[in-house]
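Every value quoted in this text rests on a predicted model; they were computed, and no experiment measured them. For ligands, and for the atoms within them, numbers begin at 1 and follow the listed sequence.
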Amino acid sequence: MPQYLGLDSSTQSLSALVIDTDTGKVVVDKSVNFGERLPQYQSPKGFLPNDDASIKHSDPLMWVEALDLLLQELRDAGVDLSKVRGISGAGQQHGSVYLSKSLDSVGDWSPASPLREQVRPLLSRATSPIWMDSSTTAECNEIARAMGGDDKVAAVSGSRATLRFTGPQIRRFYKTAQAEWQRTAEIHLVSSFIASLLTGKSAGIDFGDGAGMNLLDLAQGKWSPALLDATAPGLGQKLKPAVAANTVVGEIAGYFVKKFGFAAGTKVVAFTGDNPSSLVGMGASRPGTAVISLGTSDTVFTAMTAPRTDPQGYGSVFGNPAGGFMSLACFSNGSLAREEIAKKFGLSWNDFASAIAEQTKPGNGGNMLLPYFVPEITPRVLKASPRWFGSEAFVAGKDAAAAARAVVEAQAVSMRLHSEWIGETMKTVLVTGGASRNKGLLRVLADVFQAVIMPLAVANSSALGGALRAAQTVGGGSWDDLFTRFAPPERDLGVEPNPATQSIYKDMAAQFQQRLKEVS
Ligand code: XUL
């Protein structure tokens with residue numbers, strides 16, 4: 001029975017999903033939450049505490065340990081990993097791992113000790129900056145200046161020099177930690193790092209995730225010499241050539257065969273970013289269907305007919321793992337903001353749905369929230385600064401139902417406003433991620449986007465995208481067949497827009513933009 005494993009190393013957890021292409025079934029879908037299961041890393045939300053709110057780093061050994069832990073759990077759950085023919089997957093985008101030796105020179109891992117102990121001495125930098133980091137304003141300006149302006153950076157790489165992108169992060173490392181920089185022989189993204197662990201040798205970064213670095217020449221599929229020079233001297237030698245997403249980067253290392261029962265020779269396909277992987281996992285890798293992913297960050301993305309850049313500079317263009325390009329707008333106040341409201345008012349996730357369906361109305365009686373509980377990427381809000389506007393009770397934090405609707409309406413309005421540049425009509429929007437089963441949230445999205453909103457049968461679309469890409473590359477399945485069988489949208493749960501709300505949300509969008517000027 002041909003089975004394929006997809007992994008997703010995201011901000012807060014590592015997930016594994018196995019599909020069986022004979023039966024058309026998902027064999028297993030399991031996750032390890034870093035905060036809960038690996039508390040020794042002191043990263044309850046997946047990143048390390050820091051007095052400087054702009055600095056967000058994670059311990060890469062936490063990701064390594066999670067891999068051992070999750071594969072052991074699959075084994076303990078009776079999953080026969082020897083049936084897996086191919087593996088692919090995804091990582092949170094932009095995060096980077098710094099090694100003092102190329103993994104090509106390591107050979108196989110020893111099954112005698114845990115993987116984390118073997119990786120520890122290879123790290124030239126103890127922590128990894130992740131996508132939530134916003135400490136690189138100076139470096140972005142320097143890169144843009146060296147390139148002759150932000151438009152030039154966007155024309156080559158698909159995005160302006162962007163705070164969380166890996167190039168500016170690398171430049172900051174080069175400027176602030178000379179000794180560690182000198183000791184660094186190889187730099188990986190989270191995605192290529194996990195693929196490298198699996199093969200026991202250095203796996204190339206794929207075009208999809210590589211586009212989130214401000215280093216890749218999108219048209220050429222090669223590191224841009226000008227961007228490399230503008231970022232840090234000698235950087236080109238620390239990066240392996242980028243590869244297409246459907247490249248087999250190696251075979252599974254003996255360590256995993258001996259420890260977890262994989263078959264020797266199991267192929268590993270290049271890993272990509274979590275958003276490009278979700279595009280495939282949602283069956284949306286051709287233009288015409290937009291995707292909203294509700295995770296730690298919320299993202300809106302769609303396959304693109306032609307690469308187009310965001311004139312306001314917030315959105316990005318990445319490689320589409322199924323070929324061509326995709327757009328992406330990323331909002332850091334996703335579930336982080338929803339969880340803040342839930343915590344503040346003691347609301348369950350069901351309370352959110354009933355607050356929206358039963359206790360409040362579209363437009364929220366004029367109550368509005370600027371939902372910035374952490375610094376925001378889109379639009380740029382540098383300091384956490386939630387603002388409440390409306391009735392006395394709402395502003396005083398005494399109206400739980402209005403607060404629940406307010407956070408969801410504000411997020412939806414902002415997503416709509418900041419995805420207009422993509423220029424693709426969004427008649428159908430597929431929704432994935434932890435919050436995608438919340439009827440109240442889907443209702444607001446349908447009304448704000450004036451589009452049919454449909455959740456996907458499998459919530460974990462990024463890991464599913466990994467499994468589908470492995471099946472397509474190694475097993476040779478057709479995309480259409482794989483999408484029909486594994487990524488059917490839940491039509492029954494689809495929510496139709498109510499046309500009567502169109503003008504309400506048009507007014508709200510105008511007010512929202514007005515209010516935004518106060519914080520951005
Ligand atoms: C996308 C982005 C986030 C991360 C974490 O540009 O920064 O969505 O990929 O999921």
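Taking both residues in full, the closest heavy atoms of Ser192 and Gly204 are given as CB-O, 3.8 Å, listed atom of the first, atom of the second, then distance.
No close placement of the Phe325 and Phe318 rings is indicated, their centers lying 6.0 Å or farther apart.
For the residue pair Asp133 / Gln169, a side-chain donor-acceptor distance below 3.5 Å is found, with atom types taken as modelled.
For Asp298, the side chain to side chain donor-acceptor pair (under 3.5 Å) partners at least two apart in sequence or on another chain are Arg338. Legend: residues meeting salt bridge (charged side-chain N to carboxylate O under 4.0 Å, His left out) with Arg286, ordered by chain and number and at least two apart, are Asp480. Applying the side chain to side chain donor-acceptor pair (under 3.5 Å) criterion to Thr137, with sequence neighbours excluded, gives no partner residue.
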Taking a 3.5 Å cut-off between nitrogen or oxygen atoms, can you list every pair linking ligand 1 to the protein, with distances?
unit_1, atom_1, unit_2, atom_2, d
ligand 1, 6 (O), His94, NE2, 2.7
ligand 1, 6 (O), Arg164, NE, 3.4
ligand 1, 6 (O), Arg164, NH2, 2.8
ligand 1, 7 (O), His94, NE2, 3.2
ligand 1, 7 (O), Arg164, NE, 2.8
ligand 1, 8 (O), Asn275, ND2, 3.1
ligand 1, 8 (O), Ser297, OG, 3.0
ligand 1, 9 (O), Gln93, N, 3.0
ligand 1, 9 (O), Asp274, OD1, 2.7
ligand 1, 9 (O), Asp274, OD2, 3.4
ligand 1, 9 (O), Asn275, ND2, 3.3
ligand 1, 10 (O), Asp274, OD2, 2.5

